[in-house]
Undergrad: 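The following block contains the structure, expressed as structure tokens.
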Amino acid sequence: MGKKQAALGEWESPISSELIVSKVLRLGSPSVLPNGDITWVEMRPSEQGRSVLIHRCAADGSTRDITPEPSSGFNVRTRVHEYGGGEHLVAGSKVYFSNFVDQRVYVQDLTPGSEPVALTAADSKQRFANYALDEPRNRLLAVCEDHSKGDDQEASNSIAAIDLATGAVKQLVTGHDFFSSPVLSPDGSKMAYVAWDHPNMPWDDVLLLVTDLEGAGLPVGEPRLVAGGKDTSVQQPQWGPDGALYFISDASGWWNLYRTQLEQDSQPAALLPMAAEFGTPPWLFGLHSYEILQEGAAVLTLFDDPAAAGSQLGVIDTATLSLTRLSTGYSSYGKLAVLHAAEGLTIVTVAGSPSTPQALVKLQVPDLAGLLASSPSDWQLIKPSTDLQLDPGFISQPRSIEYPTEGGVTAFMNFYPPTNKDYEFPPGQLPALLVKIHGGPTSAASTLFNIGYQFWTSRGFAIADVNYGGSTGFGRSYRNRLRGNWGVTDVNDCCAAARYLADQGLVDGSSLCIDGGSAGGYTMLAVLAFRDVFSAGASHYGVADAELLAQHTHKFESRYLDLLIGPYPADKELYQQRSPIHSADKISAPVALFQGDEDKIVPPEQSEAMWEALKAKGLPTTLMMYKGEQHGFRKAENIRSALEGEMFFYGQVLGFKASYSPELQPMTIDNLPDTGAKPATGAPAAALKDEL
């Protein structure tokens with residue numbers, strides 16, 4: 001039986017918003033215990049978005065929650081830098097973690113029935129992340145963010161030690177605006193760490209420092225600069241068993257792996273100079289994209305090769321400086337967790353592919369030779385992120401497209417065609433396009449299976465996920481295209497992507513939609529304010545006023561725009577020129593806005609101001625303000641509302657059928673001619689597109 005011919009809005013899909021939030025978990029931060037047990041973190045939309053630590057027994061495969069039930073109030077998540085990461089450390093028979101509600105550090109035994117016990121003081125204004133255990137000195141090392149000065153003063157950052165007996169906190173290293181990645185040398189006599197200062201971000205001018213520690217663990221003398229500095233970023237230091245210090249640096253223009261022997265006063269040298277990225281932008285603490293194997297004989301590493309789709313897993317032979325690419329069947333990976341034992345190597349990570357949802361997977365091999373010879377069938381599924389069994393006929397497979405853009409250069413996108421085994425468009429009809437703009441903006445679009453994207457493509461939309469100039473994964477030069485050009489380069493590249501697809505006959509050039517979250521929301525609004533390409537757009541907690549962001553965002557990003565736009569307030573006029581809120585009168589396309597009312601990164605005032613401006617102009621618009629949400633939506637009902645709400649909004653303004661579940665937060669579309677708010681019916685406003 002052939003496919004049914006149907007217009008946009010008439011394709012039926014099994015991928016509903018309810019199915020997405022009820023069947024999909026976010027998995028991350030795996031660890032492997034000495035006995036082979038595995039732990040990891042699950043973010044559960046069904047539990048108000050809280051993060052829970054899970055334990056899996058190697059002996060019988062049974063799993064259980066380590067974190068107490070939701071009513072306990074425990075949520076394994078830190079607010080350092082607001083984005084968090086590095087929120088827990090499993091060491092021996094215990095886990096040390098930050099609790100989201102009070103930001104205190106707790107310790108909990110891994111045995112069933114154990115309860116968390118607070119380490120840090122109840123009245124503390126300090127937050128912690130990026131833990132490392134200093135067992136001989138009975139303390140935790142951590143990045144500390146101190147808010148004792150109050151909300152109107154900038155927090156102070158340091159590397160601190162938390163006494164495991166008393167909970168007392170002692171600062172070890174200060175003197176920089178930001179710190180990350182404290183790691184102890186094998187003999188405990190040195191500590192390596194990463195530091196940077198305003199206006200830099202952790203991918204700009206970053207320092208790798210090493211300080212000597214005396215017997216009690218206090219720093220001695222001045223720290224030694226190992227790598228980094230002007231136009232060089234450094235991340236993820238690790239000590240090898242022989243005392244060599246490994247790290248990732250983009251000194252060559254690409255994030256490559258380096259090694260140095262401090263005792264021999266040797267200069268750092270790249271293990272494998274390569275036009276590939278072995279690191280990612282450190283938005284979160286706790287990155288771990290490589291592991292030193294067999295006493296330093298080899299390094300297991302993740303890397304992105306622009307010549308190949310997705311990420312790869314490989315092994316570098318440190319003697320021959322050669323790379324073996326492993327065959328895994330996956331093209332996206334999270335943190336690597338590795339157990340070195342007499343029985344062999346155990347590798348655990350969260351991995352996926354364009355057609356395979358993320359899952360916690362494990363590889364067990366007897367030795368390095370077994371690792372090099374491993375195949376996809378050797379990887380064992382431990383925990384899927386979803387138990388969905390979707391028909392492949394509803395899954396759109398992305399393809400990477402390099403396309404021309406402004407200035408005679410090229411940019412990149414991942415294109416997802418509409419895919420539904422039961423439906424096709426009538427002859428001569430092309431799909432609407434939804435351009436997706438990743439956040440950051442120093443980040444990248446991934447080809448990892450995204451069920452949210454399939455929600456759109458299985459209903460007849462095409463998607464273009466754009467890696468505009470400034471995105472990561474293509475080297476420092478490509479990343480720096482956005483320096484001083486935020487609101488210009490990204491805008492040009494997103495518009496060029498849509499025009500290219502329309503010119504190629506792949507999408508309907510009269511039905512172009514665009515959305516983005518956070519920094520992507522800024523680009524979306526800038527595209528609508530400064531270009532006339534798109535028919536409608538949606539901002540998810542997006543930036544409307546760059547000047548307001550520079551004045552009122554959190555410490556971590558408070559000077560980010562100095563490099564993306566220019567120093568503030570010296571370039572105040574440029575900020576106003578680049579801010580969509582000051583050019584709202586130029587916007588002619590309908591805009592939907594989705595925002596959390598507790599967002600500390602992009603405060604809700606940004607969305608409110610844009611909503612008021614669009615209403616005043618008479619454009620169809622809506623503002624969905626979600627109570628209790630921060631930067632990004634974690635609660636199941638709000639994830640559903642934002643997804644369905646955007647589709648419903650486009651249906652109303654472009655004239656196709658779309659529905660919005662009545663049990664969700666009510667949705668009102670302002671300035672919608674004739675029909676007014678229609679939160680549940682999904683009746684199309686066919687004439688509106690022509691009116692606009």
Side-chain angles (χ1 to χ4, degrees), residues 28-31 33-34 37 39-41 50-55 64-149 155-174 179-184 188 191 193 213 215-219 284-286:
S29 303
S31 299
L33 281 62
D37 290 0
T39 66
W40 67 93
V41 171
R50 78 174 187 134
S51 294
V52 177
L53 190 64
I54 313 298
H55 175 274
R64 60 180 176 85
D65 289 1
I66 297 172
T67 307
E69 68 281 349
S71 61
S72 68
F74 283 106
N75 182 354
V76 183
R77 183 179 166 200
T78 180
R79 288 189 60 188
V80 178
H81 292 180
E82 296 298 339
Y83 293 104
E87 69 290 319
H88 82 282
L89 171 69
V90 176
S93 61
K94 301 180 185 300
V95 58
Y96 306 90
F97 69 92
S98 295
N99 185 39
F100 180 71
V101 174
D102 55 15
Q103 287 300 293
R104 297 175 73 184
V105 180
Y106 289 77
V107 59
Q108 183 178 358
D109 198 280
L110 294 178
T111 56
S114 297
E115 293 293 323
V117 177
L119 278 176
T120 52
D123 60 351
S124 173
K125 299 297 183 182
Q126 295 172 322
R127 305 172 183 177
F128 300 91
N130 218 177
Y131 301 109
L133 180 64
D134 186 356
E135 190 170 12
R137 300 180 179 108
N138 197 37
R139 64 182 187 173
L140 275 181
L141 304 180
V143 172
C144 175
E145 187 176 85
D146 193 335
H147 292 257
S148 299
K149 297 177 184 177
S156 60
N157 291 53
S158 65
I159 293 177
I162 305 171
D163 190 300
L164 296 180
T166 66
V169 177
K170 186 175 185 63
Q171 288 186 336
L172 298 180
V173 180
T174 61
F179 295 91
S180 178
S181 310
V183 286
L184 285 173
M191 179 177 67
Y193 58 93
L213 302 177
L218 298 177
L284 304 177
F285 292 104

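Everything quoted here is computed from the prediction, not taken from an experiment. Residues: numbered from 1 along the sequence shown.
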Undergrad: Rounded to the nearest 0.5 Å, what's the gap from CE on M191 to OG on S181? Could you check?
TA: 11.5 Å
Undergrad: Could you check whether any side-chain N or O of T78 sits under 3.5 Å from a backbone N or O of F128, counting only pairs where one atom can act as donor and the other as acceptor?
TA: yes
Undergrad: Would you check if the side chain of R137 reaches a backbone N or O of A161 as a donor-acceptor pair within less than 3.5 Å?
TA: no
Undergrad: Any side-chain to backbone donor/acceptor pair from Q103 onto R79? Under 3.5 Å, distance only.
TA: yes
Undergrad: Output yes when R77 and E87 qualify as a salt bridge under the 4.0 Å nitrogen-oxygen rule, no when they do not.
TA: no
Undergrad: Between the side chain of S114 and the main-chain N/O of T111, is any donor-acceptor distance below 3.5 Å?
TA: yes
Undergrad: Restricting to non-hydrogen atoms, name the atom on S72 and the atom on R50 that form the minimum distance, rounded to 0.1 Å.
TA: OG-NH1, 4.5 Å
Undergrad: Check whether any side-chain heavy atom of L172 lies under 4.5 Å from a side-chain heavy atom of L141, and answer yes or no.
TA: yes
Undergrad: Between Y96 and I162, is a side-chain contact (heavy atoms from CB on, under 4.5 Å) present by the stated rule, with each step listed?
TA: CA-CA 11 Å; Y96 306 90; I162 305 171; over 6 Å; no
Undergrad: At their closest point, which heavy atom of G92 faces which heavy atom of L33, and how far apart are they?
TA: O-CD2, 4.2 Å
Undergrad: I need the minimum non-hydrogen distance between V101 and G73, along with the two atoms involved.
TA: CG2-O, 3.6 Å
Undergrad: With rounding to the nearest 0.5 angstrom, report the CG to CD distance, L140 to E135.
TA: 11.0 Å
Undergrad: Please assess Q108 against Y106 for the test side-chain contact (heavy atoms from CB on, under 4.5 Å), listing each intermediate value before the final yes or no.
TA: CA-CA 7 Å; Q108 183 178 358; Y106 289 77; over 6 Å; no
Undergrad: Go through the steps for L133 and L164 under the test side-chain contact (heavy atoms from CB on, under 4.5 Å), then give the verdict.
TA: CA-CA 10 Å; L133 180 64; L164 296 180; 3.9 Å; yes
Undergrad: Between CG of D146 and CD of Q171, what distance do you get to the nearest 0.5 Å?
TA: 7.0 Å
Undergrad: If I compare all heavy atoms of N99 with all of N75, which pair ends up nearest, and what's the gap?
TA: OD1-N, 2.8 Å
Undergrad: What heavy-atom pair brings Y131 and S98 nearest, and what distance separates the two atoms?
TA: OH-OG, 2.5 Å
Undergrad: Just how far is it from atom OG of S180 to atom CG of N157, taken to the nearest 0.5 Å?
TA: 10.5 Å
Undergrad: What distance do L213 atom CG and L218 atom CG have between them, rounded to the nearest 0.5 Å?
TA: 8.0 Å
Undergrad: Using side-chain contact (heavy atoms from CB on, under 4.5 Å) as the criterion, list what pairs up with S71, not counting sequence neighbours.
TA: E69
Undergrad: Are the side chain of T120 and the backbone N or O of R104 linked by a donor-acceptor pair below 3.5 Å?
TA: no
Undergrad: For a quick test of reading the model, state the closest non-hydrogen atom pair linking V41 to S51 and the distance between them.
TA: CG1-CB, 3.8 Å
Undergrad: As an exercise, state the distance from SG of C144 to CG of N130, rounded to the nearest 0.5 Å.
TA: 12.5 Å
Undergrad: Taking T67 for its side chain and L53 for its backbone only, find out whether a donor-acceptor pair lies under 3.5 Å.
TA: yes
Undergrad: What is the ring orientation for Y193 with F179, classed by angle as parallel under 30°, tilted 30 to 60°, or perpendicular over 60°?
TA: tilted
Undergrad: In terms of side-chain geometry, is the basic nitrogen of K94 or D109 positioned less than 4.0 Å from the acidic oxygen of its partner?
TA: yes
Undergrad: What do the steps show when you test R127 against H81 for side-chain contact (heavy atoms from CB on, under 4.5 Å), and what is the final call?
TA: CA-CA 9 Å; R127 305 172 183 177; H81 292 180; over 6 Å; no
